[in-house]
Amino acid sequence: MTNESPSFKPEDIPSRFDFSEAQTRITKMWDECRYFHAVTDSDKQPFTIVIPPPNVTGALHLGHALNNTLQDVLIRMKRMQGFNALWMPGTDHAGIATQAVVERRLKEDEGKTRHDLGREALVKRIWDWKDQYERRILDQLKQMGCSCDFERTRFTLDETCTKAVRFTFFDLFKKQLIYRGKRLVNWDTHLGTAVSDDEVFAEKVKGQFWHFMYPVIDPQSGEPAHVHVATTRPETMLGDTAVAVHPDPSKALDKVEADLQEKLAGATASDRESIESQIEALKERRETYLPKLIQLRDMALDGRMLMLPLLDRPIPLVVDEWAKPELGSGCVKITPAHDPNDYEVGKRCELEMINIMNRDGTLNIEAGPYEGLYMKQARGKVVDDLEALGLLEKIEDREIELPTSDRSKTPIEPFLADQWFVSMDQLSQSAMDAVTDGRVNIHPPRYSRSYLDWLSEKRDWPVSRQLWWGHQIPVWSRACAEQADVDQALEKIKALPAFNETVASIQVEPCDEQDDQRRRQLDLPLATVHVCVQAGNESLEQELIEAGLTREEDVLDTWFSSALWPHSTLGWPEATAEMSTFYPTSALLTSRDIITLWVGRMVLMGLNNCNEIPFPRVFIHPKILDGFGKTMSKSKGNGVDPIDVINKFGADSLRFGMARLCTETQDVRLPVKFACPHCEHTFDQTVKNRILPKLPCPKCKKEFSTQWAVEEADKALERGSVTSERFEVARNFVNKLWNASRFAMLNLEGYTAAPIEESELTVEDRWMLSRLSTVSSNVTKSIDGFQYSEAARELYDFAWSEFCSFYVEMLKDRFADAAQRPHAQRILAYSLDCLLRLLQPMMPFVTEAIWQNLAKLAPERGFTNVQPGASSISIAPWPALDSGWQDAAIEEQFSLYQTALAAIREVRSSQNIANKTKVKFLVRCEPKIATMLEPLGGYFSRMAAADLVGMGPDVVQPETNAVLAKPEFEILVDLEGLIDVESEITRLEKEKANLEKSIAGKQRQLGNEKFVAAKPDLAAEIEISLKQAEEQLQTIIASLDKFLAKRNA
RNA sequence: GGGCGGUUAGCUCAGUUGGCUAGAGCGCCACGUUGACAUCGUGGAGGUCGUUGGUUCAAGUCCAAUACCGCCCACCA
């Protein structure tokens, strides 16, 4: 069969890969051909990955680029391996984060708050924001070359996901695994919502430490008149319901002292002084203060009361271990409703929990005369009033760590609020079991520990958020003042026409205020009736409202919907073809900071909803750090837009660079630089300049804008990109590959397809087949085992140092010979084809571009059987060469050649012989070695401008020559008329020193009797190499003597 | 306070079960551009593997202690 192929001239193919043109063209082609669309009626085995949905708060940065590159490399390999590969894309609504961004924008641009707009209008604005950023994110993914099935793109707040959320919530509600209760939450008074612990950061601020005195009621003689307490938040005293003292202060002090002594024993000299002084202070405290603490403890056990000043409310003195006798006065005021620790004390001691704050941060009726003041205003007044009463002891300045909301940057107020919870006992256990019994495998395994530790706490999951953006909780409630109301409400609900127990579930939440009289005073309901409604029952929802119930306003924690992601995206709870085909998914790739928040919850929700784990393998990949070792994030100003990198280096370089950097233990440190758009000068991003809206270029002095530009004037400046030099390696590699294929294009004219006869294979062909077989097998294993950097490194070394530097060079001679040319063309087309396919997952664009060119010249390729190449490399079969081609003898033969070649090059370089000057050389060796080198002998001419003129044990040494002694042979380079005696002496002396060092090491080892006894095999090997080294040394010394004599003559 | 990871060449990182002279890329030095590639080629210089101690015939590798850097969790009236 013949294929008349067109021909390429050098000018037809640029010597640099035009990635920008190729990316646009190829993305379009992939899209049109729907290569990445997975179908449900396939015979192929499925392989599914769901994307960790990026937040629609903003655009993707390099951390996402890493995450998505790794997923794409895996899914692309699996697709080529013949799996029905689905990579499910989508985005996350990211509840509070997104709402906060939009609210901030609203405030900045229009000076409005969300209340000015109202719920509906705000939510619409957020949807607009979401549309904008979802588009941007999906575009970024496409530009990166991600082979997602974009036709299936989901959003955690879309109709499909919403249905899954409703079903899950209903199911858990019905199982009594969701309940409403009071909980101390981190209240953001600015946003009017609770925020989770991980959305709170501690800000160091200058604050004060106030010392108060609370009067003792009816002090007996000998008893103190006051108890001393201290606080950093004086206004909370209005909610105090006790003062605590340690139950056994003496023992507690013993314990503290024992700990200090232990610390002292192992302390360094510099620490000793400080520890010793602490012990001193402790001893003094024991003498002066302990009796008083014991007295207070006894008073507490007697049930004595204190008078809370300002509100004149009697509060008990209680014993609790939370009070530390070694600190302050040893007594601590307890504000259960406004402090997490006090809350715990309150529960232990069954204290009243008095909530003194409204949702907006003002004080409520419980604060008596202070009602209506903001917490901060109340602080000053409380302090002033206490001072007026003579109950302010002192004020200290102190640095305090103020819990602050990450979203609104305002101080957090701990606040007791009604919240919905998921009961985690059983659910956590199921997720723990999945990992401990190996159904879910976390890689690297060390991360299993943080997963298990966190789940084992089994803390109930607060899922309600006082936000407008999110899944509104599907519960309709009614508060009932009397038991009769409750009964009546229940009866009425059950009688509703649309009511039935399969679509609605009822819970009755009793009031937690046990004291009936107090409950009435506070106007609290006796009980609240909650009805949870299954999705798709709008008529019942309407009837419930008509029956006087109101819908819960809160929305769900964004992680609630994220937890369903692996099955909600596939259409659960419907029994879809997608669910049966693609669930459970095959692997999850994510970053370590959401192991607990997300991975654990996906496992337990998958088990709860689908009765099956969501994925058998989880890969936790490294994080991208900036040049200072800090994680990248938009808020720090060190986030880099992958598009900047793509524009400068190309998507393949970004991807290959990412894969190459993805090792198992190290985070990826990526020093980034600004690139001046005017003069292309690059300079470091520093802590100081990275958040400036505009910068002057240090070289050309012109200004350019950054991602931080806000003002129109700044935005009008040309935008400077931020990239990293670390992608240059990958960019060069892409170009190298492009040029290797350019060589192929220029030499495939007249290509005819035919199987390659085994008898026609040369040594180098067999070597290439052997290497291709080994490399493809290793790369497959590496990618399957998430060892991306290993895979990238092996491919890089193979493609550059073996394929390009040796094989292609050798083919040049064969192309020059008309007889060998057709065969050389076939084997080149075949091996390039294989190499491209191996590189496709990491570098899909350049390999596709070359693939399409190759198809024009050599549409049919193959080795044992010839076939047309696939229409796209994305769907071509993954190389899986028979391991029978792996041939250690051939590889050894090749390495002999490489050693000889390097030796000749070394001589040429040290003798400073011009490239064009041909040299002659001989190889003195055993006949066996000569036989091995013989078939490759011709290539020395092309690759080192050296002609092999003789080989064997008896070659005659030329008059003037350089000798390179290697274990297997000696290379004798004829330097007649070229010799530089001094350089040669220098080289030989260096060689001699190296050999002597090596020999000494070997002799030392062999002189070690225990070693020889323990490892006889190894010792024998060393003995052989020692003998060779000694022979080499003799040769070198002889040659050196000769040159020394020449110099002295 | 608890846990985890890191420390190897000027920079960024490899180094499999301990074993012969510890590797790569970038950067640096020298030489080299008429047919794939200067985003290239060839050669070279550069490391007492954080520190201390231990196990072993043998330690970058195993153990212990310690310093520094980073991350996670808990806590700080």
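- A perpendicular orientation is assigned to the rings of A:Phe815 and A:Phe743, their planes being inclined by more than 60° (bins at 30° and 60°).
- Atom P of nucleotide B:G41 and atom CD of A:Glu906 are separated by 19 Å, given to the nearest angstrom.
- Residues A:Leu1006 and A:Glu1023 are in side-chain contact: their nearest non-hydrogen atoms beyond the backbone lie under 4.5 Å apart.
- Comparing B:G15 with B:G23, their C1' atoms are spaced 7 Å from each other, to the whole Å.
- Among the atoms of the strands shown, none is found under 4.0 Å from any heavy atom of A:Asp339.
- Closest approach to the A:Lys1002 side chain among B:G25, B:C20, B:C31 is made by B:C20 (side chain taken as heavy atoms from C-beta onward).
- A:Trp738 comes within 4.0 angstrom of no nucleic acid atom, judged by non-hydrogen atoms across all strands.
- Note on A:Lys990: a side-chain N or O is less than 4.0 Å away from OP1 or OP2 of B:A45.
- For the P atoms, the distance linking B:U61 with B:C72 amounts to 29 Å, nearest Å.
- With both ends at atom C1', the span from B:G19 to B:A58 equals 7 Å, rounded to whole Å.
- B:A59 and B:C75 have their P atoms separated by 46 Å, given to the nearest Å.
- Contact annotation: A:Asn732 side-chain N/O to B:C40 OP1/OP2 distance is under 4.0 Å.
- Nearest to the side chain of A:Ser909, among B:C20, B:G43, B:A14, sits B:G43.
- A:Phe212 and A:Tyr214 have parallel rings, their planes meeting at less than 30° on a 0 to 90° scale where 60° marks the start of perpendicular.
- Between the side chain of A:Gln787 and the base of B:A14, no donor-acceptor pair under 3.5 Å is found.
- Listed pair A:Arg16 / B:U39 meets the phosphate criterion, a side-chain N or O lying under 4.0 Å from OP1 or OP2.
- Side chains of A:His228 and A:Glu393: a donor on one and an acceptor on the other come within 3.5 Å.
- Here the side chain of A:Phe209 is nearest to one of B:A14, B:A77, B:A36, namely B:A77.
- B:A45 sits 10 Å from B:A30 when the C1' atoms are compared, rounded to a whole Å.
- A:Lys736 comes within contact range of at least one nucleobase, with a heavy-atom separation under 4.0 Å.
- Heavy atoms of A:Lys1015 sit under 4.0 angstrom from at least one base atom.
- Nucleotides B:G60 and B:U51, compared at atom P, are 11 Å apart to the nearest Å.
- Comparing A:Ser789 and A:Trp800, the nucleotide of RNA chain B nearest to each residue sits closer to the 5' end for A:Ser789.
- The side chain of A:Arg742 places an N or O atom within less than 4.0 Å of a non-bridging phosphate oxygen (OP1 or OP2) of B:C37.
- Look at A:Thr663 and you won't find any side-chain N or O under 4.0 angstrom from OP1 or OP2 of B:C13.
- Checked by distance alone, A:Arg905 brings no side-chain donor or acceptor within 3.5 Å of a matching partner on the base of B:U42.
- The closest side-chain donor-acceptor pair between A:Glu794 and A:Asn778 falls under 3.5 angstrom.
- The nucleotide whose nearest atom lies closest to any side-chain atom of A:Val808 is, among B:A36, B:G25, B:C31, B:A36.
- Classification of A:Arg793 and A:Glu790 as a salt-bridged pair holds, one side-chain N sitting under 4.0 Å from a carboxylate O.
- Spacing between B:C26 and B:C40 at atom C1', rounded to whole Å, works out to 15 Å.
- Residue A:Arg446 is classed as a sugar-phosphate contact, given heavy-atom separations below 4.0 Å to backbone atoms only.
- A 4.5 Å side-chain heavy-atom check between A:Leu306 and A:Met213 finds every atom pair outside the cut-off.
- For RNA chain B, runs of at least 3 consecutive pairs of the Watson-Crick or G-U wobble type, with both hydrogen-bonding distances under 3.5 angstrom, map to B:1-7 with B:67-73, B:10-13 with B:23-26, B:28-32 with B:40-44, B:50-54 with B:62-66.
- Residue A:Glu1009 is classed as having no contact, given no heavy-atom separation below 4.0 Å to the nucleic acid.
- If you check the side chains of A:Lys918 and A:Ser941, you find a donor sitting under 3.5 Å from an acceptor.
- A:Ser15 comes within 4.0 angstrom of the backbone, heavy atoms only, and of no base.
- Following rounding to the nearest Å, A:Arg908 (CZ) and B:G41 (C1') show an atom-to-atom distance of 13 Å.
- For B:A9 and B:A14, the C1' atoms lie 13 Å apart once the distance is rounded to whole Å.
- Within the 4.0 Å cut-off from OP1 or OP2 of B:C4, not a single side-chain nitrogen or oxygen of A:Trp454 is found.
- Nucleic acid contact for A:Arg592: sugar-phosphate only, since backbone atoms but no base atoms lie under 4.0 Å from a heavy atom of the residue.
- Salt-bridge annotation for A:Lys966 and A:Glu968: absent, with no side-chain N of the basic residue lying under 4.0 Å from a carboxylate O of the acidic one.
- Distances shown here put every side-chain N or O of A:Arg1004 at or beyond 4.0 Å from the OP1 or OP2 atom of B:U21.
- Atom CG in A:Leu1018 sits about 10 Å away from atom C1' in B:A58, given to the nearest Å.
- Toward the 5' end of RNA chain B, the nearer of the two residues A:Glu790 and A:Val1012, judged by each one's closest nucleotide, is A:Glu790.
- Checked by distance alone, A:Lys1010 brings no side-chain donor or acceptor within 3.5 Å of a matching partner on the base of B:A58.
- Side-chain atoms of A:Arg459 lie closest to B:A74 of the nucleotides B:U12, B:A74, B:C20.
- The residue A:Ser998 sits close to a base: some heavy atom pair falls under 4.0 Å.
- Outside the 6.0 Å centre-distance limit, the rings of A:Phe19 and A:Phe845 are not counted as a close aromatic pair.
- For B:C4, the OP1/OP2 oxygens have a side-chain nitrogen or oxygen of A:Arg449 closer than 4.0 Å.
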